[in-house]
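Following: one structure in structure tokens, then a few remarks.
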Number of protein chains: 2
Amino acid sequence: MAKLAKKEESTSGHSIDEKDLAILRVLQQNARATVKEIADAVHLSTTPVHERIKRMEESGVIRQYATLVDHSKVKKGLMVICYVSLKQHNKNAGARFIKLVQELNEVIECYNISGEFDFMLKVVAESMDAYYDFHVNKLSQSENIGHVQSVFVMGIIKQTHVLVH
Amino acid sequence: MAKLAKKEESTSGHSIDEKDLAILRVLQQNARATVKEIADAVHLSTTPVHERIKRMEESGVIRQYATLVDHSKVKKGLMVICYVSLKQHNKNAGARFIKLVQELNEVIECYNISGEFDFMLKVVAESMDAYYDFHVNKLSQSENIGHVQSVFVMGIIKQTHVLVH
DNA sequence: ACTGAAAGACACAGACT
DNA sequence: AGTCTGTGTCTTTCAGT
């Protein structure tokens with residue numbers, strides 16, 4: 001017992017410095033930037049940049065190199081914010097819901113939230129019909145669902161993944 | 001006749017086929033995958049894969065190659081869903097709010113939504129104090145803000161950007 | 001639209017400051 | 001920790017099918 005691994009950085013022995021942040025600033029905007037390009041931008045040669053990137057990949061600071069696809073161009077025009085409360089709140093019931101959410105490709109995000117609902121889901125679908133099908137046949141099929149409330153996204157004002165400025 | 005520009009793809013003259021989707025399936029998970037790796041995975045040689053990727057970049061199907069950074073490891077541990085209604089709903093008032101949202105680095109997503117509120121924001125902050133500062137000094141500073149409601153994210157169940165399966 | 005080859009650029013490891 | 005240098009691999013273009 002009592003081996004509560006303290007924190008990310010302290011266990012691996014490396015904290016993130018200003019140069020790492022500078023590298024992240026470039027990579028966040030373009031995951032396919034070459035090491036050379038990044039090296040020029042942060043005023044270092046390629047070797048230390050390469051080492052720092054590898055280190056951040058291994059320590060988990062860099063979660064993933066993702067390609068972001070345009071919703072509307074792959075026939076996923078509809079985005080819905082979906083609130084769910086469960087009937088029962090025991091461990092098992094929660095785990096079953098979480099498993100369901102992981103399996104449903106329409107759900108791209110799911111959070112445990114404060115307030116009157118238990119979960120917030122971000123759902124993408126091809127059309128209102130497809131969303132209705134998701135709602136009735138996939139989500140509400142689970143016998144433990146209490147209330148579901150849908151908020152429709154009418155316009156995207158801002159969408160970024162940039163955390164380091 | 002009937003030149004109601006039908007859809008994105010038809011205007012550019014290229015629709016996405018099964019091979020493009022296969023390439024996207026790989027790139028979504030790893031934006032740094034080499035063309036050679038993708039070519040092997042989709043059973044083509046490098047040239048057509050390279051051409052198809054370039055085409056999808058230019059047509060906007062591929063929005064961005066992003067590096068996703070771990071929230072907690074860059075001191076952005078708190079995530080809040082924030083609902084905002086405006087006092088006035090004229091064009092100018094809306095535009096000012098949108099401009100403000102674009103400038104605030106704490107706001108990583110903002111949507112125009114249906115229902116009693118006008119906007120939904122996803123906000124990341126270092127701490128509760130930092131969020132309070134955002135709420136009081138940055139967001140509510142705008143004189144056009146009506147009501148603000150904060151929902152705190154207590155746990156991340158699922159978080160993906162994968163749209164093509 | 002694809003394959004295969006060929007030139008230039010890059011990633012990555014080594015020796016050194 | 002960093003720069004410099006070298007080798008194998010990859011990107012990218014071009015001729016051919």
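Every chain is numbered from 1 and lettered A, B, ... according to where its sequence line falls, protein lines coming before strand lines.
Put simply, CD1 on A:I53 is 13 Å from P on C:dA13, counting in whole angstrom units. Residue B:E51 contributes atom CD, which lies 8 Å from atom P of C:dC2 at whole-angstrom precision. For B:E18 and C:dC2, the CD to C1' distance is 18 Å, given to the nearest whole Å.
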B:E103 and B:K99: CA distance, side-chain angles, deciding distance, salt bridge (Lys or Arg N to Asp or Glu O under 4.0 Å) verdict: CA-CA 6 Å; B:E103 287 166 359; B:K99 188 163 177 289; 3.1 Å; yes
Salt bridge (Lys or Arg N to Asp or Glu O under 4.0 Å) between A:R32 and B:E57, intermediate numbers included: CA-CA 12 Å; A:R32 294 199 75 125; B:E57 287 173 1; 5.8 Å; no
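A heavy-atom distance below 4.0 Å to DNA chain C is reached by these residues of residues 21-46 of chain B, ordered by number: B:L44, B:S45.
No single ILVMFWY cluster, assembled from side-chain heavy atoms under 4.5 Å apart, contains both B:I98 and B:I108.
In A:H89, the NE2 atom is crowded: over 12 heavy atoms of neighbouring residues, nucleotides or ligands sit closer than 6.0 Å.
Bracketed by its first and final contacts, the part of DNA chain D lying under 4.0 Å from non-hydrogen atoms of chain B reaches from D:dC10 to D:dC14 in 5' to 3' order.
For A:T47, the side-chain atoms get nearest to C:dA13 when compared with the rest of C:dC12, C:dA1, C:dA13.
Under the 3.5 Å distance criterion, the side-chain polar atoms of B:K122 are left unmatched by any main-chain donor or acceptor of B:C110.
Between B:L86 and B:A93 the shortest heavy-atom distance is CD1-O, 4.3 Å.
Side-chain contact check for A:E106 and A:Y131: no donor-acceptor pair (N or O, by modelled atom type) lies under 3.5 Å. A donor-acceptor contact under 3.5 angstrom links the side chains of A:Y111 and B:Q159, judged on distance only. In this model, a donor atom of one side chain and an acceptor atom of the other lie less than 3.5 Å apart for B:S72 and B:D70.
Between the two ends of the helix from C:dA1-D:dT17 to C:dT17-D:dA1, each summarised by a five-pair axis, the helix axis turns through 20° (rounded to 10 degrees).
Ring centroids of A:F119 and A:F97 are separated by less than 6.0 Å, placing the two rings close together.
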